[in-house]
Amino acid sequence: MRYWLMKSEPEVYGIADLERDRKTIWDGIRNYQARNFLREMQVGDLAFFYHSQSSPPGIAGLMRVAQPGIDDPTQFDAQSQYYDPKSSLDSPRWQTVRVEFVRSFPALIPLEQLRQTFSAEELLLVRRGNRLSVMPVPEDVAEKILAMVGQ
DNA sequence: GCCAACGTTGGC
DNA sequence: GCCAACGTTGGC
């Protein structure tokens, strides 16, 4: 099983929103490294839903990749804050995935706990200065995270 | 609100 | 291709 971690600000779109919607397009990623990870995703991959810019920040739940290889529609939308005039229908620049809700964790796993448990080598998230919003999580680390919430 | 750590842009 | 300036992310 392949695992990922994806960040979102719960004030903008949190795990509760995904639970309500069941599925969503993970749009608005405008960072090449994050986009490259999105391009690698396959149907059935699992992704931790991370709440950033919140108090405390941490992992709030789990989702599954339902449809990979989607051209992010917001790049073509001149009204969108994610509009990219350098992108075109002929050569879209930004790809993403549709994710589906799996579960909300009974309690958020705080970033602080993740820092105490994993090294920067094990989990990119806890690397100093890390700002990447989409990243892989090694399988053994993912299993330990799931064990923390008794899954 | 501050600021460290990046990523991007653009002049040269 | 270098690198200074600027913009953004995200923890605190």
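Lettering of chains follows the sequences in order, A, B, ..., and the numbering in each one begins at 1.
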Q: Show which residues join A:Y82 in its hydrophobic cluster (side-chain heavy-atom contacts under 4.5 Å, direct or indirect), or state none.
A: none

**Q.** Cluster companions of A:Y83 among Ile, Leu, Val, Met, Phe, Trp, Tyr (side-chain spacing under 4.5 Å)
**A.** none

Q.
Using the ring-ring contact (aromatic ring centres under 6.0 Å, His included) criterion, which residues pair with A:Y50? Sequence neighbours excluded.
A. none

Q | For A:Y13, all residues meeting ring-ring contact (aromatic ring centres under 6.0 Å, His included), sequence neighbours excluded | A | none

Q. Can you list the residues that meet the side-chain hydrogen bond (donor to acceptor under 3.5 Å, both in side chains) rule with A:N36, with sequence neighbours excluded?
A. none

Q) Restricting to pairs with a member in residues 127-139 of chain A, which pass side chain to side chain donor-acceptor pair (under 3.5 Å), not counting sequence neighbours? A) none

Q. What are the bounds, 5' to 3', of the part of DNA chain C that sits under 4.0 Å from heavy atoms of chain A?
A. C:dG7 to C:dC12

Q: Hydrophobic side-chain clustering at under 4.5 Å (ILVMFWY, transitive links): who's grouped with A:F76? Put none if nobody.
A: A:L89

Q.
Tell me which residues in residues 107-115 of chain A lie within less than 4.0 Å of DNA chain C, going by non-hydrogen atoms.
A. A:L111, A:R115

Q.
For A:S54, give me all partners under side-chain hydrogen bond (donor to acceptor under 3.5 Å, both in side chains), at least two apart in sequence or on another chain.
A. none

Q. In residues 82-98 of chain A, which ones come under 4.0 Å of DNA chain C, going by heavy atoms?
A. none

Q: Go through the structure and list residues passing salt bridge (Lys or Arg N to Asp or Glu O under 4.0 Å) with A:R39, not counting sequence neighbours.
A: none

Q | Note, A:I145 side chain near A:F48 side chain (heavy atom, < 4.5 Å) | A | yes

